[in-house]
Amino acid sequence: LAFTAGAEETPEMYEVFIGGWENQNSAIRKNKDTTVVKVDTPDECNGDPKTYWVSIREGKVTVGRTGEEALMEWQDPEPFKVTHVGFCTGWGATGQWNFDV
């Protein structure tokens with residue numbers, strides 16, 4: 001997921017990865033080049049479908065599985081206002097997306 005301040009890719013961006021790095025890690029990244037949180041989530045995208053929630057408030061990015069506490073959390077010291085969201089699966093992966101905004 002990409003959270004930006006514009007309809008296109010912007011210099012300021014939060015990215016959320018779930019099951020990246022060959023389905024072994026999940027992460028929060030800022031501005032496409034700075035990984036600010038990376039956690040072990042081995043085989044996160046295997047098995048039954050899972051649902052997740054993402055919250056971004058005043059620069060605090062929080063991610064978790066539905067019904068559970070946060071899996072990842074980070075406070076941006078220089079936050080920006082998010083106005084747009086983009087999404088895709090990782091390279092070579094398939095997935096199903098449903099949004100409840």
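Values below: all heavy atoms of this structure, side chains included; hydrogens, waters and symmetry mates excluded.
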With rounding to the nearest 0.5 angstrom, report the [atom1] to [atom2] distance, [X] to [Y].
X: Glu69; Y: Leu71; atom1: CD; atom2: CG; value: 11.5 Å
X: Lys38; Y: Met72; atom1: NZ; atom2: CE; value: 11.5 Å
X: Ile28; Y: Thr34; atom1: CD1; atom2: OG1; value: 13.0 Å
X: Phe87; Y: Phe3; atom1: CZ; atom2: CZ; value: 11.5 Å

Measure the shortest side-chain to side-chain distance between [X] and [Y] over non-hydrogen atoms and say whether it is less than 4.5 angstrom.
X: Asn31; Y: Glu12; value: yes
X: Gln24; Y: Pro42; value: yes
X: Asn25; Y: Val39; value: no
X: Trp97; Y: Thr89; value: yes

(message) If I compare all heavy atoms of Lys81 with all of Ala5, which pair ends up nearest, and what's the gap?
(response)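 In terms of heavy atoms, the two residues are closest at O-CB, 3.6 Å.
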(message) For Trp74, does the six-membered ring have the charged nitrogen or CZ of Lys30 within the cation-pi criterion, i.e. under 6.0 angstrom from the centroid and within 45° of the normal?
(response)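 Checked: cation-pi criterion not met.
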(message) Please check if the number of heavy atoms outside Lys50 that lie under 6.0 Å from its NZ is greater than 12.
(response)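 Enclosed: over 12 neighbouring heavy atoms sit under 6.0 Å from NZ of Lys50.
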(request) Answer yes or no: are there more than 12 heavy-atom neighbours, outside Glu9 itself, under 6.0 Å from its atom CD? (result)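 No - once you tally the heavy atoms of other residues, nucleotides and ligands closer than 6.0 Å, there are 12 at most.
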(message) Whether the Tyr14 and Asp76 side chains hold a donor-acceptor pair (N or O, under 3.5 Å, no angle test) is what I'd like checked.
(response)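 Checked: Tyr14/Asp76 side chains pair up, N/O donor to acceptor below 3.5 Å.
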(request) Decide whether Glu68 and Tyr52 meet the rule of one side-chain donor and one side-chain acceptor closer than 3.5 Å. (result)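 There is no such pair (donor and acceptor under 3.5 Å, judged by atom type) between the side chains of Glu68 and Tyr52.
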(request) Taking only Lys NZ, Arg NE, NH1 and NH2, and the carboxylate oxygens of Asp or Glu, determine whether Lys32 and Glu15 approach each other closer than 4.0 Å. (result)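 Looking at Lys32 and Glu15, the cut-off is not met.
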(request) Answer yes when Glu44 and Arg65 have at least one side-chain N-carboxylate O distance shorter than 4.0 Å, and no when they do not. (result)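 Yes, Glu44 and Arg65 are salt-bridged.
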Ignoring hydrogens and geometry, is there a side-chain-to-backbone donor-acceptor pair from [X] to [Y] under 3.5 Å?
X: Thr41; Y: Ser26; result: yes
X: Thr4; Y: Met13; result: no
X: Asn23; Y: Cys45; result: yes

(request) Give the ring-plane orientation class for Trp21 versus Phe17, where under 30° counts as parallel, over 60° as perpendicular and anything between as tilted. (result)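 Trp21 and Phe17: perpendicular rings.
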